[in-house]
Structures are given as C-alpha cells and as structure tokens.
Amino acid sequence: MVGGRPDFPALERSILAFWKEADVERRTLAQRRGAERFVFFEGPPTANGMPHPGHCLTRTIKDLYPRYRTMRGQYCERKGGWDTHGLPVEVEVCKALGIHSKAEIEAYGVEPFIHKCQESVWRYMKEWETTTERIGFWLDLSTAYVTYHRSYVESVWWALADLFERGLLYRGHKIVWWWAQGGTALSSGEVGQGYKEVADPSVYVALPLLDEAGRRGTRSLVAWTTTPWTLPANQFAAVRSDLEYTVLRERDGADAGEYVVASALATAFAEKTKKTFDIVATLPGSDLVGRSYLPPFDTFRPAGGLSGAELVGGGRQVAAWRVVAADFVTTDSGTGIVHVAPAFGEVDFGVLTTERARFADPAALDLLCPVAPDGTFTDAFPVGSGRFVKLVDRDIIRDLRQRGLLVHQEQYVHDYPFCWRADDDPLIQYPRQSWFIRTAQFRAALLANNARINWLPEHIRDGRFGNFLESNVDWALSRERYWGTPLPIWVCEATGRAEAVPSYAALLAKPGVAGTDLFDRAKAKQPDLCEDLRVHKPYIDAVTYDSPFAAGSRMRRVPEVIDCWFDSGAMPFAQWGWPHAGADAFAGQFPADFISEAIDQTRGWFYSQLAISTLLFGGDGPRTLPAGVAPPPADWPHPFRTCIVLGLMLGEDGQKMSKSKRNYKEPGVIFDAYGADALRWYFLAAQPPWTTIRYSERAIRESVPEFLLRLWNVYSFFVIYARIDGFDPGRLLDRPGRLDHADLAAARGWRPAAERCELDRWMLAETSATAAAVTERMDRYDHFGAAGLIAALVDGASNWFVRRSRDRFWAAGRADDSPAGNPDKLDAYWTLYETLLTVARLAAPFVPFVTEAMWRNLAVSPFGDRVPDSIHLTDYPPGAPALLDPDLVRRMTLVRDVASLGRAARAGARLKVRQPLAKVEVILADARAADAAWLEAHADLVRDELNVKQFEVCREPDRYITRSVQPDLKRLGPRLGKDLPRVRAALATADVGALLAACNRDGWVDVALPGGGTATLEREDLLVRTTAREGWAAAEGPAAVVVMATELSPELVAEGLVREVVHAVQAARKTLDLEFTQRIELSLCTPAAPLAEAIATHRDTIAAETLASVVLDVPIEGGTREEHDIDGHPLMITVRPLAAEGAA
RNA sequence: GCGCGCGUAGCUCAGUUGGUUAGAGCGCCACCCUGAUAAGGUGGAGGUCCCAAGUUCGAAUCUUGGCGCGCGCACCA
C-alpha cells in the first residue's frame, strides 16, 4: 500500500520480517566473499544496563559504513561483542544481594558471587538484541565475542604473558586512589565519578629549620596543606631552587619567629594571616635545598636525632625531613614550600623515588606510613590511633597550635573525590602494591601510531587524545576484586619469583599441577555450570604447581584480576582467540578500517586498543607466539585506521541523560511513533556526528517531513500514476541488469536522454552528479555532507521535477510502447523511475527500511527474480558521467531563482499570484549570453510559474536598474593588497559602461586611483552588480533583478477575479467532499457588476476548471450555498452534484 | 586550576583554505496550490555572528585576553 499517509513503524516491522525470512543480512555478506575487505570492529557494550538513545547513535553510525561499503562491493564482517567484566557488574550483584563491602562478598562466598556475576551480565541482553535489530543495525550476534569466555580470557593471558616476558608487566608500589572502607583501589574513571565540592581545613604549618648540629633556631619554613592528616607522614619539604624566598618577621611580635615563604606569595601570606611583617632577608630557593627541618610530628623521628646515610657518590646526608628541589612547586597558591608526604600523594611519592636513587642504600629512605589499609591511624601516631584519618584533622590542628607550629588556619573549598557508590566515604591516596604495564616508555611509539590515525574530528589526534598520550603513565592493571580476567601470574611461595602463563593448556602442562579438580567437582555438583568459569576466580586460584625456582615449593596465582579495559582493548585479536586459534581470521581482520564510539572512550576503548596494539605489535614484539603463527604487520596505524568520535548525547533539557530525570524518550517510544529510519536520519543528517547532540523527540518528529515524507511523496506519486497509466518496467525491459542508466537503455519505449525533454535531462544530470558527490563524501566518512546532498536531490525531484512534470503525467495516452502510448509521458516515467531507483540506493545505508520498501515495489515487483530481492544486495549507484550537464544544472538554478525573485517582487507589490500580470522582465547580473538566450527560450516556464502574459530578458536594463562594478576581492586581494580600498573607491565612481566596454574590447583596463597611480584590471577581476531602481515592483538577487509590470488592465483584473472564483468553487467542492471526477451544476450570483461581467466573459473557463456542466447566474434549487468574498465583491456560490455519469 | 571543544535568527543548527548581500529547518506572519490533498509549495519578518583588543586592504572565520556553557584531567602542597 503506497497511497495515503505512510505508517513507517508498521512498514519497518514488515521489512524486518522480510530480512529475517529471506536471510538478507547473511546474503549481503556471502555475496561479497573474496572481495576486498572493509574491516569493522564492534566496541563491546556492557549488556547489564538498558540501551538508551546514545547507544542508538553509535549503532546507527556503526551500521551506516558497513552497509555503504558492502554496497560498494567490499566484504565487511560485523562480529558483535560484549563487555562483561568489571566493578559495575559486581556492584549490580551486590545491590541484588543487599551487600556492599569486600568482607561481605567473602562471607557470601566468592564462588556463588562469581556465578551471580556471570548471570547478571546477560540481564538486559534481550533489550540489547531487540534494539540492535529494531534500529536496523546488522551485526552478527550469534558469533559475538564475550570477554569472559575462556578463549577470550586465554587470548588476554597470552598478551599479558608476552608483556611479562618482555619485562613490561611489573609489580610496583604505587600511590592509588583507595577506598578504605571498601578495601580496594578504584580506577580513574570511577574516581572521576565521585568528585564533590567540600570545605576542608587548610593549614599553614611552621617547619623549624635546623642548623648543622641539628639545633632548632628561630627561622621556620611555612608549608600549606589541605590535608592535615598527612602531616604525620611528612618526609620532605619541597622548594623550587630558582624561586626567590623571603624571610619575614612579625612586627610587634613579642618573641616572634621568622617565616620563610616564596617572595611572590609574601604579600598574600601577610594578608591571609592578617599580620604585619618586616622583611628580614631574601634568598634563592637553592640556598634552602639540603637544609634539615623539624617535622611537624615525631611519629617517625628516631629518638637519637637525625643521623645521615651514605650517598651514591660518597658523602653522607640526612635522609628525611630535608628540603628538596622540585619543579612542581608553583607560586599559584600556598607558600611556595610544599609539604611532601610520599605515602599520600603520587607526586610526593615521586620525590621519594628520586631521593632514594641518590642514596647507596635505598632502604635508608623508608616510606613513612602511619595509616592502615582501613584508613585508620596505626599506633605509630597515637594522636589518631584507630580513627579514620579525616576525622583526626581537628585533633592534629589543635596539637599543632598547642606546640606553636600552626601559623594560620582557614576553610578551603575544593573538589575532592568520594567513593561513587558510597558517597560519604572520602577516598584517600594510599600506597599499594599493584601490577603495572610499562606504557610510559612507549610514549613516543603511542604518539607516532596516533599520528597516523584518521581521527574525525581531526582535533582529537593532537587535542584530547594526543594530550592524554603525552601525559601517559604506566597502566595500573590489577584490581583487588573478583569478577574479571584473572591476572595469569603465578608466584613462588619460597622465593617470590613469578612467571606468567599464556593459556590454560600451558598451566596444565606445568609440573605437579594440582587444584584443577575444584572446578570439576563444582561442575559435577552443578552440571549446567558455565564451562568458561574454569578460568575465573575462585577456581583458577586453586590451581598450583611445582616451583621451578625452589625445589619443594609451589607456585600460586596472585589474587588480583585485571582492569576490564584491558579486556576490551585486546578485542582485535582476542575476539578470535588468537594466537591460540583463529590465525586466518585475525590476519584478515586487522587492523580495522573503521571504528566509532562516543568521546568518553578516548581514555577508554580508544586508548586501551592503541596501547595494547602498540606494545604487542609495535616494532619489537611480540616474542612468544606459538609456532607457525605470524604477528600482524607493524605498519602504523593499528589497530584502527579511521575513528569517528561521536559527541555526547544530552537529554531534552540539555543535561546529561538520566533515567531519574526522565529527560529523554526511550528508543522504543521513538521507534513506535516515528520509526527507526526517522531516528537514523535525524542522527545522520541533522548535525555533524561529533557535535554534542541534544536529543529531542520534537527534533526527530520535525525531521520526518523534511526528508522521509518528501521521499515517500515522490515515490507515492510515481506509484499512483504508474498504475493508472500502465507503466510497467517489467514488461518493457527483459534483462534489467543492475537497473542503472545503461541497463534501462534496452527497454522498449526508452529514449536516450538526448531525445528527452530538458526537464528529464536536468533530473538525470542532477541525479548523476549527486551520486558521484555522495560517493566522494562517503569515502571521506562525511555522511553529514552526503545526507545533505541526498536531501537536496529529493527536494529537486519533488519540488521541481514532479511539480513541473505534472501535466506530462496527466497528459493523454498510455505510458508504454503501444500505439496508444505517449512518448513524452513515457519519458517522464522512465526519468522518475530511474531517479527513484538511484535515490533509494543512495539513501539505503542511511534509511535501510523505507528504501528497501521502495526497492521491493519499484524493482522486485516488476522484475521478480531478475533483480536482487533486497536493495542491500545491490551496488551503490555509480552515476553516469554521460548524463552530467553542468550548463543545464546552472541554468535551471537560474530559472528557479528568477521564479523565486518574481514571487518576491509580487509580494513586495502586494500582487498575489492569482492575479495575472502583463509582463515580467529580468536583468541578469553577469550571466553569459548563452544563459540569457536559454532563459528567454524558457519564457513559457517563467510565465507559467509567475502567472504573467509575457516574459523577456530586458534589452534596456538602465530603465530599471543601476549597475555598479566591484572588484573581485578574492582575485585582487593577493595582487593589490593595500591598494584595494582605492581600487574600490575608483570603481565606485567609474563610468560603468565605459569601463566594461574597454574591458570587453581589450580584455583589460587601467583605472586611475584616487591618490595617484593606476591599477590594471582584467575583465575577470570585475564583478557587476545590479540594483533595482526605486519605483518598480522588482526584486534583486545575486544573479538577477526581476521586474514586474504592475499595471492592471480591466481584462487582467477580470481574469484575476475569475481565478478567485474558481478557487472559491474548488473550496466549496472540497467542503462537500466531492470526488475529483464529480461533475456539478454551478450557480454564481453577485450584485457586483465587475465580478458579474468577469464571470460572464470567462464562463467556459470556470466550467472547465470546476467540472461544471452549466454555470448559471441564478440559484439552483437543492444546491448547497456558500457566501464568498471575491476581492471585496460578494458572491453566492451554489453547487449541486450531478448524478454519476462517468469520469472526466 | 590545567587541557579540549563550543558560543551564529525565537528554537535546533550549517557556514568547506579570511573576500563582496552570513544560510537551512522548525516556529511565526502572509500567500499560493487544490488530480501526491488530514499532504505540498512560495515569500516575508527576524542576526552588534558572546565581549574586547590585535593581525590584515578585508575577520563569523586567524591571534591574544576576557565572559559563558559542556566535557576531560586534577586534593599537583
């Protein structure tokens, strides 16, 4: 059913059924087997949350290019994938179980907990599958990779083992964001979730300097901190050696000491403390470096005072509570002297590391940490022992004040991270053993690889992503959690030496392996237990083997699992189980030509993929491949060549989408109301993909008439009349081929473009040009530009071709090659048919449903199995170069402009189009003579469009317009530069006629400049602009001025009145809901003489236009009466339908 | 605080290496068509292109500095 209002959602459901029944998706792939590949990677979504509109966007983009490339003849696999590990899954399970802490999980039991996690992963699976299918995203979910699957885990193991073999995976002591109450470190992403603005105490603390003998003097450093609880762990004070420091003494202070602060901050310091200071001295920071000071607390201070330790190069120095030089010291805030507590800050820890390197025995510098993993002070710091550090701040401040070390105290408002799932728990930075990957030493390689990626938008490369890589730090890989890929490292109980295991088979091959039975027993008890869990906690933890490092000792796995981002980043090879399996699949599917995700994946999937690929497959790795397995080529970029980075999608109110705020409509609602094509077109055509999209139902709804409905209307127009006129391409053409222009040539009654009318040639030229341009854009991944071109083509077909061709479609004769056929009508059908087929195929990757419906009806209905049964099995239309006709396209634009200007001129003069006018004249600004002649030859067209009796290109333009000459700035700018204003001035006052005449004669002209000198200008340097003179009904555009004759003769007025009358009668017919073939009796009564006369004169016209058998001037008995006002004249219309007696 | 992006019509957004009269859709007003018709079309009004300075013959476009918004990073003490 093509007529009437289309029901897109219903249409789409039937198309979905067809795709499924006819196995179309698989066949599009099978058809291209062996062809050049287009490699696409699916970034795995997590299926334990509901899909929302943002996912619909990514899925639309991810579908578009594979569809397009497939139609272009490439072979594009679309293997799905699911991300299944990680804290979010554990959190979901904990919620369901009503538990929170690690202790509670342990109490519940790791084994049942893992089982729950594995089940929970598939919680919203159904919704994801439905959404994926409904939006038309062709993705093979049946072969989707799953990150918890054993083969996937073993691929990841191999990668980690390889890194370990190369010394790139190590165990380190680092400062991590620690959730003390939960007993785990959090990932940076998790930390980022939990920032809150809070007021913390901020203190200025005096650190008394010590002399050579270790005696305390009167002079103190002043350090600033917002975390007083870290003061007991103080180990250093940092200054910058190239800064100047000032020694201040409080004026009027009785026994005031002296304070050292950075000179740049001395004033601010004085203002803060509200004290008046005298400057005692200034000194460079370098003078402070090496000095000892008294730590704020004695926590770790040896009773016997400070003894030195031996330096690497000989000599001795005090190990702790010493001033060090550091670049990170700034004068932005504080005092220019930084309290360094290596246990509680990453930067601070860096200071310790640097200092350790200076000493012969690094152990001389212990890491001082008075805090237990649960966040409470140990007995080492009696003031706060047993209490959570943050709660001890006040006691610490009181203690400092009592001892005279507190210089100043205030509240400081700043952002501080809290646990994202327990937002009353502040996080602390805390030293913790974890496993790291040495990504930082690959910084240059990462950047080089990144430099070769085609990022869209481009600024991602050097902007967000590049910056991120520049500041790369080693990847903190391990997580002290449960549901994740277990870190495949086994450690010797006796020696602590470790080795990595690349696969389960390798583990089984170890000497004296034991513990594999834990899983077997669980499986025996619970036969449906997922086999993949064999490589997960707790089963894998039970597997031990003989240590190669110490006889009689066992190797045990470390307890950690890994960051789930490593899982997803390993997807290019792990999806095939490579290198343990899938060598061929991997070789053919690496690197990806195209991936796309939203910008939040910069440090997520984009980074994890790049980092893993660069480390494994860059210049010098991998080293541990099984025999016969080759690494992929190392050429950059890998593992992806082009990446479209999508903007974030916001809700209707411009805020982040959130379920609780209900600021977005569920995708399902949109699908049911407007259809998937509407949503897809909105995503693809309404804005470039990287802008932040404000998702709104209104915007989606409004995008429908603009494209989908218009396309449908043209299509529906064609179908309606093709049926009436018997246009049946299936009968006229035996071998349809690909239904391209050349194939249609074989059809009976088909005439070459050259023999058809101009409008047909124009339509075909536009179509061909658009096909070429769209292809070019799509090859550049510019679907936004391509969509604009397709929309413009549809607009041209609807609002120019169809509108101007109506009479041809309605002309007498059949649309076939029979004797009753009308060749021009047939031309019109062939032209529109070809255009529709081309447009449908161009738009197929964008709106796969409606275009499929069009193809099924336009091609499959008439040709049956002579053509592919799905549009997605066809080739993308190449366009026919022979049909291109730039001159015609330009001229048609010109005539459309003229028509448009004519209407503007009418509007200006308040002369509606129903009122015929005598004449319209056009003055072309700077057109070629051939264009003018062409335009004049199309007088009929313009007369028809503008309802005028006469049209001509004006021979005496000076009557209506003035001309001015302007310099072509783009051409002359580079040549004349500073002289331009003078050239402009000269041209403004020049004799335009003479100037142009000289130019046309000689090709150039010298212009005298106001300040002296001349400029030589060529004809091409001059632009002629025409301006309408006052007093005419005229409208001007860049290309032309259109002037309307406004004088109304009595005849013209009468004709105008008649058109109004016809209009009124048609309205009456419509009110009566008459069939358009229904004949009527009509009476028109008016007391107004001019109107009566006009009606009398044009009685036949009125009768013909309104299908009236008679037009009377007395009321008809039994007719329906309507009172009308015709340009101020009253008119009574009476209509009486006649008994049916055949069609018009 | 640092980094990235963005500020153009009432709303949502284009504007492709600096160039002449800055565009579209929606909304609004007016009009047209009435054989695609519970559709379709045309025209119009509406803009200090966030502000300021600079570079330039010329800036919505380039530079710098503000202001505002979004995102990322970050207790850099």
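Keep in mind that this is a model prediction, so the values were computed, not measured. Naming convention: chains lettered A, B, ... in sequence-line order (proteins, then strands); numbering from 1 in each chain.
Of the candidates U34(B), G5(B), G43(B), G43(B) carries the atom nearest the A904(A) side chain, counting heavy atoms from C-beta on. Side-chain proximity of P705(A) to the nucleotides C32(B), C71(B), G40(B) is greatest for G40(B). With distances taken from any side-chain atom of R603(A) to the nucleotides A36(B), C73(B), G43(B), the minimum falls on C73(B). Checked against C11(B), G19(B), U42(B), the side chain of R698(A) finds its nearest nucleotide in C11(B). Closest to the L709(A) side chain, of the nucleotides U20(B), G40(B), G41(B), is G40(B). Counting only heavy atoms from C-beta on, T691(A) has its side chain closest to A14(B) among A39(B), C57(B), A14(B).
Looking at which nucleotide of RNA chain B each of A899(A) and D600(A) is closest to, the 5′-most match is held by A899(A). With RNA chain B read from its 5' end, the first of the two nearest nucleotides for G463(A) and R896(A) is the one closest to G463(A).
Atom CG of L352(A) is separated from atom CD of Q235(A) by 5.5 Å, given to the nearest 0.5 angstrom.
Atoms CD (E458(A)) and P (U16(B)) sit 14 Å apart, rounded to a whole Å. Atoms CH2 (W690(A)) and C1' (C13(B)) sit 15 Å apart, rounded to a whole Å. In this structure, CD1 of I724(A) is placed 11 Å from C1' of A36(B), rounded to the nearest angstrom. Look at CG on D944(A): it is 13 Å from C1' on C32(B), rounded to the nearest Å. Rounded to an integer number of Å, the gap from E706(A) CD to G41(B) P is 10 Å. When rounded to the nearest whole Å, the span between OH of Y607(A) and P of C73(B) equals 14 Å. Taking atom CE on M854(A) and atom C1' on A36(B), their separation rounds to 14 Å, with Å as the unit. Between the CZ atom of F717(A) and the P atom of A36(B) there is a distance of 6 Å, rounded to whole Å.
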Exercise for the section: Take F236(A) and W321(A) through the test ring pair (Phe, Tyr, Trp, His ring centres under 6.0 Å) and record every step on the way to the result. Expected result: CA-CA 5 Å; F236(A) 303 99; W321(A) 307 301; 8.9 Å; no

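For the P atom pair drawn from A60(B) and G41(B), the interatomic distance equals 34 Å after rounding to whole Å. Taking atom C1' in both U34(B) and G46(B), the straight-line distance is 31 Å, to the nearest Å. Nucleotides U21(B) and C29(B) have their C1' atoms positioned 23 Å apart, rounded to a whole Å. Only the C1' atoms considered, A59(B) is 28 Å distant from A45(B), to the nearest whole Å. Of the C1' atoms belonging to C6(B) and U61(B), the separation is 15 Å, rounded to the nearest Å. Of the P atoms belonging to G66(B) and G23(B), the separation is 34 Å, rounded to the nearest Å. Straight-line distance between the C1' atoms of A9(B) and G47(B): roughly 5 Å, to the nearest whole Å. Rounded to whole Å, the C1' atom of U8(B) lies 4 Å from the corresponding atom of C49(B).
C49(B): no Watson-Crick or G-U partner with both key distances under 3.5 Å is found in any strand. Nucleotide A59(B) forms a pair with no other nucleotide shown, judged by Watson-Crick or G-U wobble geometry with both contacts under 3.5 Å. Judged by Watson-Crick or G-U wobble contacts below 3.5 Å, the nucleotide U12(B) has A24(B) as its partner. Across all strands shown, G43(B) pairs with C29(B); the Watson-Crick or G-U wobble distances both stay below 3.5 Å. In a base pair of the Watson-Crick type (N1 to N3 plus N6-O4 or O6-N4) or a G-U wobble (N1-O2 and O6-N3), with each distance short of 3.5 Å, C6(B) is matched with G68(B).
Looking at heavy-atom distances under 4.0 Å, V714(A) makes contact with a base. T226(A) comes within contact range of at least one nucleobase, with a heavy-atom separation under 4.0 Å. Residue T602(A) is classed as having no contact, given no heavy-atom separation below 4.0 Å to the nucleic acid. Base contact: R806(A) has a heavy atom under 4.0 Å from a base atom. The residue R780(A) sits apart from the nucleic acid: no heavy atom pair falls under 4.0 Å. S798(A) comes within 4.0 angstrom of a nucleotide base, judged by non-hydrogen atoms across all strands. Looking at heavy-atom distances under 4.0 Å, Y721(A) makes contact with sugar-phosphate atoms alone, never a base. Nucleic acid contact for A238(A): none, since no nucleic acid atom lies under 4.0 Å from a heavy atom of the residue. Among the atoms of the strands shown, base atoms are found under 4.0 Å from some heavy atom of H1063(A). Among the atoms of the strands shown, none is found under 4.0 Å from any heavy atom of P457(A).
Counted by atom type alone, W224(A) and S202(A) present one or more donor-acceptor pairs between their side chains at under 3.5 Å.
In this structure a side-chain-to-backbone donor-acceptor pair under 3.5 Å is missing from D348(A) to P342(A). Side-chain atoms of D393(A) come within 3.5 Å of backbone N or O of W229(A) as a donor-acceptor pair.
The aromatic rings of F465(A) and W455(A) are tilted relative to each other, their planes meeting at an angle between 30° and 60°. Aromatic ring orientation, F718(A) versus Y829(A): perpendicular (interplanar angle above 60°, classes split at 30° and 60°).
Proximity of R710(A) to the phosphate of G41(B): a side-chain N or O atom is located under 4.0 Å from OP1 or OP2. Of the side-chain N and O atoms in N799(A), one or more sit less than 4.0 angstrom from OP1 or OP2 of G41(B).
Annotation: side chain of T230(A) is not in contact with side chain of Q429(A) (no heavy-atom distance under 4.5 Å).
Y682(A) has its ring centre no less than 6.0 Å from the ring centre of Y674(A).
For R464(A) and C71(B), a side-chain-to-base donor-acceptor distance below 3.5 Å is present, hydrogens and geometry of angles not being considered.
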